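What you are looking at is a predicted structure, and each value in this text was computed from that prediction instead of being measured. Quick note on labels: first sequence line is chain A, next is B, and so on, each numbered from 1. Values below: all heavy atoms of this structure, side chains included; hydrogens, waters and symmetry mates excluded.
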2 protein chains.
Amino acid sequence: MSKQKRKSDCPINFALEIFGDRWTFLIVRDLMFKNKHYYGEFLGMEEKIATNILADRLILLEENGIVTRTIDEAHNSKKIYRLTKKGIDLLPLLTEAILWSAKYDKSTAADSKFIRKAKKDRVGLYAEISESLK
Amino acid sequence: MSKQKRKSDCPINFALEIFGDRWTFLIVRDLMFKNKHYYGEFLGMEEKIATNILADRLILLEENGIVTRTIDEAHNSKKIYRLTKKGIDLLPLLTEAILWSAKYDKSTAADSKFIRKAKKDRVGLYAEISESLK
DNA sequence: ATTTGCTACTTGTAAAAAACAAGTAGTTAA
DNA sequence: TTAACTACTTGTTTTTTACAAGTAGCAAAT
């Protein structure tokens with residue numbers, strides 16, 4: 001999945017050209033909600049991403065300005081991945097996806113506390129999570 | 001892209017297993033915002049979807065309860081595609097995607113009137129569009 | 001000082017999906 | 001009765017994904 005010329009300037013298409021695959025959003029999810037920061041942590045995700053796909057998607061996410069990659073000062077062999085502002089700004093999109101899935105998937109594993117808070121106090125929820133990502 | 005067992009019950013993954021590709025959301029976009037209802041109309045989209053991909057995605061969207069397919073009574077050779085309630089409920093998700101892309105894509109083709117309305121009166125916008133889809 | 005293991009990858013290959021070009025079957029219109 | 005339209009299907013090539021294995025840099029343990 002390398003850089004190609006865009007199919008259109010439609011905003012939906014813009015988002016799809018970054019996130020229109022099975023894996024990219026799962027990495028963002030782990031960064032956003034599961035406090036994961038290392039390659040090895042993403043590799044451990046429930047959905048079992050392959051090593052090459054993970055490496056590829058991390059590069060793309062960095063190229064698209066959604067995550068940063070820095071060296072862990074305590075352990076030189078480790079790299080820390082973090083969401084940028086642009087990445088954190090995906091929170092409303094992720095939240096709507098979660099709400100939609102929770103509504104229509106009978107066997108959803110969505111966190112009911114999250115759903116309740118999202119319905120009652122969206123602004124507060126966003127503030128809380130944004131704060132946790134600083 | 002046929003039916004396979006799910007990788008997880010995570011709500012993000014649930015959405016991705018339906019929409020995690022380059023094309024499915026573009027069809028939903030055309031149904032939601034561009035008043036398209038026929039195979040031939042989708043085929044004419046700016047992004048140039050291939051005939052086999054379109055046919056496949058329409059089947060999947062129907063299987064997932066997001067669109068209905070009915071025969072046009074006036075023209076027996078035509079089929080009408082419409083969003084279901086489940087499909088219309090994707091509106092907040094699509095809207096957040098549009099807002100995010102409009103914010104971060106310098107050359108976005110996002111409709112500025114839509115963006116303004118979405119920022120000022122989300123509820124009103126949703127009501128307006130939902131009404132137009134009945 | 002050297003093996004052992006951890007971390008973050010890369011490489012090779014098979015399988016699956018997408019892209020592209022062409023063809024087909026059932027209307028409808030001329 | 002032919003021509004055109006509509007919604008597809010089929011075949012082939014190209015691209016992407018999945019899976020298994022290997023590698024390079026660092027750190028701790030023997």
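Summarising the local packing, NZ of B:K119 is surrounded by 12 or fewer heavy atoms from other residues, nucleotides or ligands at distances under 6.0 Å.
One can place CZ of A:R57 at 15 Å from C1' of C:dC9, the figure rounded to the nearest angstrom. Straight-line distance from the NZ atom of B:K48 to the C1' atom of C:dA18: 17 Å, rounded to whole Å. Whole-Å rounding puts the A:K36 NZ to C:dT7 C1' distance at 16 Å. The separation between A:W23 atom CH2 and C:dA16 atom C1' is 14 Å, rounded to whole Å. Spacing between atom CG of A:L43 and atom P of D:dA21 amounts to 16 Å, rounded to whole angstrom units. D:dT9 atom C1' lies 10 Å from atom CD1 of B:I59, rounded to whole Å. The distance between atom CZ of A:R22 and atom P of C:dA15, rounded to the nearest whole Å, is 20 Å. The CG atom of B:D56 sits 12 Å away from the C1' atom of D:dC8 (whole-angstrom rounding).
Donor-acceptor pairing under 3.5 Å is lacking for the side chains of B:N64 and A:Y104.
Within residues 69-79 of chain B, the residues having any heavy atom under 4.0 Å from DNA chain C are, by residue number, B:H75, B:N76, B:S77.
Shown here are the ring-ring contact (aromatic ring centres under 6.0 Å, His included) partners of B:F33, two or more places apart in sequence or in another chain: B:F114.
The listed nucleotides are C:dC20, C:dC9, D:dC8; the one nearest the side chain of A:Y39 is C:dC9.
Dashed line: the shortest gap from a side-chain N or O of A:Y81 to OP1 or OP2 of C:dC9 is under 4.0 Å.
Across every non-hydrogen atom of A:L93 and B:A97, the tightest pair is CD2-CA, 3.9 Å.
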Steps toward side chain to side chain donor-acceptor pair (under 3.5 Å) verdict (A:D72, A:Y38): CA-CA 10 Å; A:D72 189 333; A:Y38 299 103; 2.8 Å; yes
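When ring centroids are compared, A:W100 and B:F19 come within the 6.0 Å threshold.
No cation-pi contact links B:K79 to B:Y39, judged by a cut-off of 6.0 Å to the six-membered ring centre and 45° from its axis.
Place B:T51 and A:H37 on DNA chain C by their nearest nucleotides, and A:H37 ends up nearer the 5' end.
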